[in-house]
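Working notes, beginning with the structure itself.
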Amino acid sequence: MTGQPAKPQIVTQRERLAAALASVRGRQQTIGLVPTMGALHAGHLSLVRRAVSACDFVVVTIFVNPTQFGPQEDFTRYPRTLEADLEALAEARADLVYAPSAEQIYRPGFSTFVDPPAVAQTLEGRCRPGHFRGVATIVLKLFHQAPADVAYFGRKDYQQWRVIQAMAEDLDLSIRVEACPTVREPDGLALSSRNRYLTPAERRQAVAIPDSLRRAAELAAAGERNATTIRQQMRDVLAGAGITRIDYVALVDPLSLAEVDPVHDDTVALVAAYVGGTRLIDNRQLKD
Ligand code: AMP
């Protein structure tokens with residue numbers, strides 16, 4: 001008989017988390033960490049499953065981090081779906097969910113931030129000032145609060161992954177940072193907690209974002225190496241679907257994130273654009 005999957009332990013206090021992980025360590029078990037902001041979907045759960053397959057004990061954090069949102073951004077209306085998240089995490093066989101309050105994370109008088117690495121300066125860093133400062137700070141804090149062997153991030157947030165990886169190298173963190181592939185809807189749209197903001201019409205428009213990335217890959221596969229030509233065609237795909245508020249369409253080196261021209265097979269194409277009022281990002285390597 002297969003019963004319900006065992007519910008993960010839910011912890012909101014930092015001290016309780018430390019005690020739980022100390023006893024895991026005492027058993028010589030490996031720990032995997034999956035940081036999230038909740039509103040979980042199959043993309044997040046793919047990270048959890050990867051962690052479960054590789055580590056003895058898996059911690060998922062759920063924290064909507066105020067310091068990575070700009071003043072005009074969607075912090076207050078960001079979806080919060082804790083009950084459904086816990087059910088999904090039981091199904092995915094996470095061992096512990098750490099869902100701290102803001103007070104657990106940011107004590108009164110908190111004032112120390114990570115100055116993020118050079119790869120944070122372009123793209124999202126330019127469009128969302130302070131975003132990666134908030135991301136690097138919360139991730140470093142979570143790495144300390146939940147000391148793990150491996151932390152799992154999605155390539156969906158390509159620049160974020162590179163920022164965390166560079167921070168881990170620069171600051172001699174012993175945790176290994178692993179990136180997981182982007183999980184997509186059947187039509188190609190990358191899963192995102194923000195997709196739930198889209199109206200049905202906007203949802204149909206949004207597929208132009210992965211379509212524009214595919215166009216870039218097809219052009220490169222056909223021998224086109226000129227970055228300006230490829231970017232223009234990507235913009236044409238977006239414009240054809242009525243997506244005109246574009247933060248960036250970029251073709252960058254996979255490590256430095258510097259713009260490249262001509263492009264190469266390992267060049268990464270990235271898009272950030274608004275579909276209605278919702279800002280979506282996506283990316284792919286020209287040759288997957
Ligand atoms: P978030 O809750 O948006 O902060 O995301 C938590 C983690 O899930 C990050 O490492 C994201 O890159 C990853 N993630 C989000 N969407 C996807 C997706 N569609 N496929 C794979 N990973 C994802």
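Hydrogens, waters and symmetry mates are skipped; everything else that's a heavy atom, side chains included, is used.
The side chain to side chain contact (heavy atoms under 4.5 Å, CB included) test with I31 is passed by exactly one of I175, D56, D95, V59: V59.
Screening residues 191-214 for ring pair (Phe, Tyr, Trp, His ring centres under 6.0 Å) gives no qualifying pairs among residues at least two apart or on separate chains. Within the structure, the side chain to side chain donor-acceptor pair (under 3.5 Å) test picks out the following pairs touching residues 251-264 (sequence neighbours left out): R231-E259, D253-S256.
The closest side-chain heavy-atom distance from L17 to L96 is below 4.5 Å. The shortest side-chain heavy-atom distance between L89 and I62 falls under the 4.5 Å cut-off. Annotation: side chain of H44 is not in contact with side chain of M37 (no heavy-atom distance under 4.5 Å). By the 4.5 Å heavy-atom criterion applied to side chains, E124 and Y248 are counted as neighbours. Side-chain contact between V119 and F132: absent, with no pair of heavy atoms (C-beta onward) separated by less than 4.5 Å. The side-chain heavy atoms of V24 and R27, taken from C-beta on, include a pair separated by under 4.5 Å. Side-chain contact between R214 and D211 is present, with at least one heavy-atom pair separated by less than 4.5 Å.
One finds the CD1 atom of I243 at 8.0 Å from the OG atom of S212 (value rounded to the nearest 0.5 Å). With rounding to the nearest 0.5 Å, the separation of CG in L123 from CD in Q160 is 13.5 Å. Considering CG of L21 and CZ of R16, their distance stands at 12.0 Å, rounded to 0.5 Å. With rounding to the nearest 0.5 angstrom, the OG1 atom of T67 is 10.0 Å from the CD1 atom of I105. The structure places CG of L40 at 12.0 Å from CD of E87, a figure rounded to the nearest 0.5 Å. Distance check: Q145 CD to L140 CG gives 10.5 Å after rounding to the nearest 0.5 Å.
Residues Y98 and F153 are members of one and the same hydrophobic cluster, defined by side-chain heavy-atom contacts under 4.5 angstrom among Ile, Leu, Val, Met, Phe, Trp and Tyr. No chain of hydrophobic side-chain contacts below 4.5 Å, direct or via other Ile, Leu, Val, Met, Phe, Trp or Tyr residues, connects I281 to F69. No continuous path of ILVMFWY side-chain contacts below 4.5 Å connects V183 to V48, so the two sit in separate hydrophobic clusters. One hydrophobic cluster holds both V177 and V135 under the rule that ILVMFWY side chains link at heavy-atom gaps under 4.5 Å. L255 and W161 fall into different hydrophobic clusters, where Ile, Leu, Val, Met, Phe, Trp and Tyr residues are linked whenever their side-chain heavy atoms come under 4.5 Å apart, directly or through other members.
At distances below 3.5 Å, at least one donor-acceptor pair connects side-chain atoms of N65 with backbone N or O atoms of G134. Side chain of T182 to main chain of A190: no donor-acceptor pair is present (N/O by atom type, distance under 3.5 Å, no hydrogens or angles). With hydrogens and angles disregarded, no donor-acceptor distance shorter than 3.5 Å links the side chain of E178 to the backbone of C180. Here the side chain of Y158 pairs no donor or acceptor atom with the backbone of A269 at under 3.5 angstrom. No donor-acceptor distance shorter than 3.5 angstrom exists from the side chain of T244 to the backbone of A239, with no hydrogens or angles considered. Remark: side-chain polar atoms of K156 are not paired, donor with acceptor, to backbone N or O of S192 under 3.5 angstrom. The backbone N or O of K141 sits nowhere less than 3.5 Å from a side-chain atom of H144 that would complete a donor-acceptor pair. Checking side-chain atoms of Q285 against main-chain N and O of D266 turns up a donor-acceptor pair under 3.5 Å. Without hydrogens or angle criteria, D282 side chain to V271 main chain gives no donor-acceptor distance under 3.5 Å. Remark: the backbone N or O of A99 is not paired with any side-chain donor or acceptor of T12 at under 3.5 angstrom.
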Could you walk me through whether D149 and R25 pass salt bridge (Lys or Arg N to Asp or Glu O under 4.0 Å), step by step? CA-CA 10 Å; D149 298 277; R25 283 255 170 265; 3.4 Å; yes

Begin with the C-alpha distance, continue with both residues' side-chain angles, and end with the deciding distance and a verdict on salt bridge (Lys or Arg N to Asp or Glu O under 4.0 Å) for E224 and R215. CA-CA 11 Å; E224 180 61 66; R215 172 72 64 85; over 6 Å; no

List the steps, then state whether side-chain contact (heavy atoms from CB on, under 4.5 Å) holds for L270 with L251. CA-CA 7 Å; L270 303 99; L251 295 161; over 6 Å; no

Would you sort out whether R194 and D74 count as a side-chain contact (heavy atoms from CB on, under 4.5 Å), showing the intermediate values? CA-CA 10 Å; R194 291 187 169 99; D74 57 345; 2.8 Å; yes

side-chain contact (heavy atoms from CB on, under 4.5 Å), that's the test. Do T36 and V34 meet it? Break it down for me. CA-CA 6 Å; T36 80; V34 183; 4.0 Å; yes

Take E185 and R203 through the test side-chain contact (heavy atoms from CB on, under 4.5 Å) and record every step on the way to the result. CA-CA 11 Å; E185 299 281 7; R203 171 65 187 80; 3.6 Å; yes

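Stacking of R80 on the aromatic ring of F75 is recorded, both the 6.0 Å distance cut-off and the 45° axial limit being met.
In terms of heavy-atom proximity, V163 sits nearest to P117 at O-CG, 3.6 Å. Contact detail for I209 and L280: the closest heavy-atom pair is CD1-CB, 3.9 Å. A pairwise comparison of heavy atoms in R128 and Q68 identifies NH2-O, 3.6 Å as the closest pair. For A136 against P116, the heavy-atom pair with the smallest separation is CB-CB, 4.5 Å. The two atoms that bring A220 and L286 nearest to each other are CB-CD1, 3.9 Å, heavy atoms only. A pairwise comparison of heavy atoms in A94 and V52 identifies N-CG2, 4.5 Å as the closest pair.
R235 is linked by a side chain to side chain donor-acceptor pair (under 3.5 Å) to nothing, counting only residues two or more places apart in sequence or in another chain. Here E202 pairs with L198, T199, Q205, V275 under the side-chain contact (heavy atoms from CB on, under 4.5 Å) rule; sequence neighbours left out. With sequence neighbours excluded, no residue forms a side chain to side chain donor-acceptor pair (under 3.5 Å) with R107. For F110, the ring pair (Phe, Tyr, Trp, His ring centres under 6.0 Å) partners two or more places apart in sequence, or in a different chain, are Y106, F113.
A donor-acceptor contact closer than 3.5 angstrom is absent between the side chains of Y78 and E73. Defined by atom type and a distance below 3.5 Å, a donor-acceptor pair is missing between the side-chain atoms of R162 and Q159.
Counting non-hydrogen atoms of other residues, nucleotides and ligands closer than 6.0 Å to CG of D115 gives a total of 12 or fewer. Around the CZ atom of R225, the shell of radius 6.0 Å holds more than 12 heavy atoms that belong to other residues, nucleotides or ligands.
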